[in-house]
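Here's the structure we're looking at; comments come further down.
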Protein chains: 2
Amino acid sequence: MLWTVDPAAEEPLYAQLVAQVHLALARGELTPGERLPAARELATSLEVNVHTVLHAYQQLRDDGVLELRRGRGAVVVQGAGTAGRDLSVVERALAAFVDAARGAGLSTEATTTLLKEALKG
Amino acid sequence: MLWTVDPAAEEPLYAQLVAQVHLALARGELTPGERLPAARELATSLEVNVHTVLHAYQQLRDDGVLELRRGRGAVVVQGAGTAGRDLSVVERALAAFVDAARGAGLSTEATTTLLKEALKG
DNA sequence: CTAGTTGTTCTATGTCAATGCGAACAACCT
DNA sequence: AGGTTGTTCGCATTGACATAGAACAACTAG
């Protein structure tokens with residue numbers, strides 16, 4: 001998977017990393033059993049502090065996505081993600097939703113707020 | 001519209017108010033020309049500081065949703081929102097998207113991340 | 001014109017998250 | 001045994017968030 005980080009973004013750096021892993025997992029770019037780069041290594045290449053990367057890793061562990069062990073690194077948990085599943089249905093539904101929202105003149109704030117509400121229930 | 005605030009939520013208080021206005025506007029519960037409660041008044045009833053409410057109001061003004069004038073209060077801008085439009089199409093598309101995402105086993109993080117990505121492009 | 005209302009602006013304070021930095025430590029691998 | 005890697009401390013800095021109080025200016029209503 002591809003790692004990127006935008007220090008200018010409003011979203012915290014660690015949260016950006018967390019979201020990227022979730023997304024890569026959903027897209028099958030990351031599969032269970034796969035090992036992620038070492039925290040220090042990733043931190044260096046992203047020009048970010050080690051603790052920031054570790055913060056993201058620990059968050060992902062709490063999410064049940066990663067398994068962390070000293071000396072071994074960060075490994076994607078077996079059964080995590082949707083690897084192998086077909087996401088085309090989701091992609092189509094997403095495209096339809098975005099089109100509908102834009103067609104109705106909804107702002108991005110209103111659109112994301114609607115989704116959050118729907119996910120709550 | 002209904003005003004609520006949850007101090008325990010992760011989302012900032014002012015952001016909660018902003019989201020509520022956006023949502024109410026999208027749902028037609030708030031119409032252009034309508035006047036919002038005075039900042040001090042709303043702050044008192046919500047047991048929140050005046051500056052917090054004002055922060056939300058000013059954010060909404062920056063979003064092009066509100067018009068603020070001293071002595072007159074906060075009024076919804078003419079042409080703001082989707083008042084009068086039919087949101088049933090959006091609601092259905094949203095429901096379909098949420099169903100598809102859940103059916104695919106996507107986490108809420110992955111789902112919201114997907115939407116953000118889609119809204120960017 | 002007067003008094004009340006309401007947003008605007010200013011200063012100040014305290015808390016907390018995020019990030020960065022350094023160091024020691026424990027489990028794991030080769 | 002030695003290197004790798006996550007774990008756990010401590011500490012400092014920055015900024016957002018929220019609260020608080022006060023004075024001020026524009027508007028409304030009487």
Side-chain angles (χ1 to χ4, degrees), chain A residues 3-22 30 32-78 80 109, chain B residues 1 3-21 30 33-78 80 109 113:
Chain A
W3 295 91
T4 54
V5 137
D6 178 17
E10 39 200 286
E11 201 178 9
L13 297 178
Y14 86 93
Q16 292 180 36
L17 297 176
V18 170
Q20 276 175 46
V21 171
H22 274 123
L30 214 55
E34 194 169 338
R35 180 183 166 176
L36 269 55
R40 298 179 223 259
E41 180 188 343
L42 186 55
T44 303
S45 81
L46 290 181
E47 296 181 340
V48 156
N49 195 276
V50 195
H51 293 90
T52 303
V53 176
L54 284 171
H55 188 2
Y57 278 11
Q58 285 158 6
Q59 175 67 50
L60 286 165
R61 179 190 52 192
D62 293 347
D63 291 347
V65 169
L66 286 188
E67 199 175 83
L68 304 179
R69 301 232 181 132
R70 333 182 200 199
R72 229 194 303 180
V75 180
V76 179
V77 159
Q78 291 296 332
E109 291 89 354
Chain B
M1 69 172 285
W3 295 92
T4 55
V5 137
D6 178 17
E10 38 203 283
E11 200 178 9
L13 297 178
Y14 85 95
Q16 292 180 36
L17 297 176
V18 171
Q20 277 174 45
V21 171
L30 214 54
E34 195 168 336
R35 179 182 167 178
L36 269 55
R40 299 178 224 256
E41 180 188 342
L42 185 55
T44 303
S45 81
L46 290 180
E47 295 180 340
V48 155
N49 194 276
V50 194
H51 294 91
T52 303
V53 176
L54 283 171
H55 189 2
Y57 278 10
Q58 286 158 6
Q59 175 68 50
L60 286 164
R61 180 190 50 192
D62 292 347
D63 291 347
V65 169
L66 287 188
E67 199 176 82
L68 304 179
R69 301 232 182 130
R70 335 183 198 195
R72 231 195 302 182
V75 180
V76 179
V77 159
Q78 291 295 333
E109 290 90 354
T113 303

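What you see below is based on every heavy atom in this structure, not just the backbone, and it leaves out hydrogens, waters and symmetry mates. Here is how names work: the chains are called A, B, and so on, in the same order as the sequence lines, proteins then strands, and each is numbered from 1.
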Closest contact, heavy atoms only, A:Asp6 versus A:Leu13: O-CD2, 3.9 Å
statement: Heavy-atom nearest pair, A:Ala39 first then A:Val53, reads CA-CG1, 3.8 Å
Interatomic distance, [X] [atom1] vs [N] [atom2] [rounded to whole Å]:
X	N	atom1	atom2	value
A:His55	C:dA17	NE2	P	9 Å
B:Leu42	C:dT6	CG	C1'	13 Å
B:Leu46	D:dC17	CG	P	18 Å
A:Glu41	D:dG6	CD	P	9 Å
A:Arg40	C:dG20	CZ	C1'	15 Å
B:Glu67	D:dC27	CD	P	11 Å
A:Leu36	D:dG6	CG	P	9 Å
A:Tyr57	D:dT5	OH	P	10 Å

Expected rows: protein N/O vs nucleotides 9-15 of chain C N/O, under 3.5 Å:
from: C:dC10; atom 1: N4; to: B:His51; atom 2: NE2; distance (Å): 3.3

- prompt: Any side-chain heavy atom of B:Leu17 sitting closer than 4.5 Å to one from B:Val5?
  reply: yes
- prompt: Taking C-beta and beyond as the side chain, do B:Val75 and B:Glu34 meet within less than 4.5 Å on heavy atoms?
  reply: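 B:Val75 does not reach B:Glu34 side chain to side chain.
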Below 3.5 Å between N/O atoms, which protein atoms pair up with nucleotides 27-30 of chain C? Just atom names and distances, please.
from: C:dC28; atom 1: O4'; to: A:Arg70; atom 2: O; distance (Å): 3.1

side-chain N/O B:Thr52 vs D:dT19 OP1/OP2, d < 4.0 Å: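 Checking D:dT19 against B:Thr52, a side-chain N or O does come within under 4.0 Å of OP1 or OP2.
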- prompt: Are any of B:Asn49's side-chain N or O atoms less than 4.0 Å away from OP1 or OP2 of D:dA18?
  reply: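 For D:dA18, neither OP1 nor OP2 has a side-chain N or O of B:Asn49 closer than 4.0 Å.
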task: Only pairs at least two apart or in different chains count here, so list each side-chain hydrogen bond (donor to acceptor under 3.5 Å, both in side chains) that has a residue in residues 60-73 of chain A.
output: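 Output for this query lists A:Gln59-A:Asp63.
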Gap separating the [atom1] atom of [X] from the [atom2] atom of [Y], nearest 0.5 angstrom:
X	Y	atom1	atom2	result
B:Asn49	B:Leu54	CG	CG	9.0 Å
A:Glu47	A:Leu42	CD	CG	12.0 Å
B:Gln20	B:Leu30	CD	CG	11.0 Å

query: Which residues pass the ring pair (Phe, Tyr, Trp, His ring centres under 6.0 Å) test with B:Tyr57, sequence neighbours left out?
result: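 Testing B:Tyr57 for ring pair (Phe, Tyr, Trp, His ring centres under 6.0 Å), a comparison that skips the adjacent residues, returns none.
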message: Below 4.0 angstrom, which residues in residues 7-17 of chain B have at least one non-hydrogen atom near DNA chain D?
response: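 Per residue number, the list reads B:Pro12, B:Leu13, B:Tyr14.
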message: By the 4.0 Å heavy-atom rule, please label B:Val48 as base, sugar-phosphate, or nothing.
response: sugar-phosphate
- request: Please list, chain by chain and in numerical order, all residues satisfying side chain to side chain donor-acceptor pair (under 3.5 Å) with A:Gln16, sequence neighbours excluded.
  value: none
- prompt: Any sub-3.5 Å donor-acceptor pair from A:Thr52's side-chain atoms to A:Val48's backbone N or O?
  reply: no
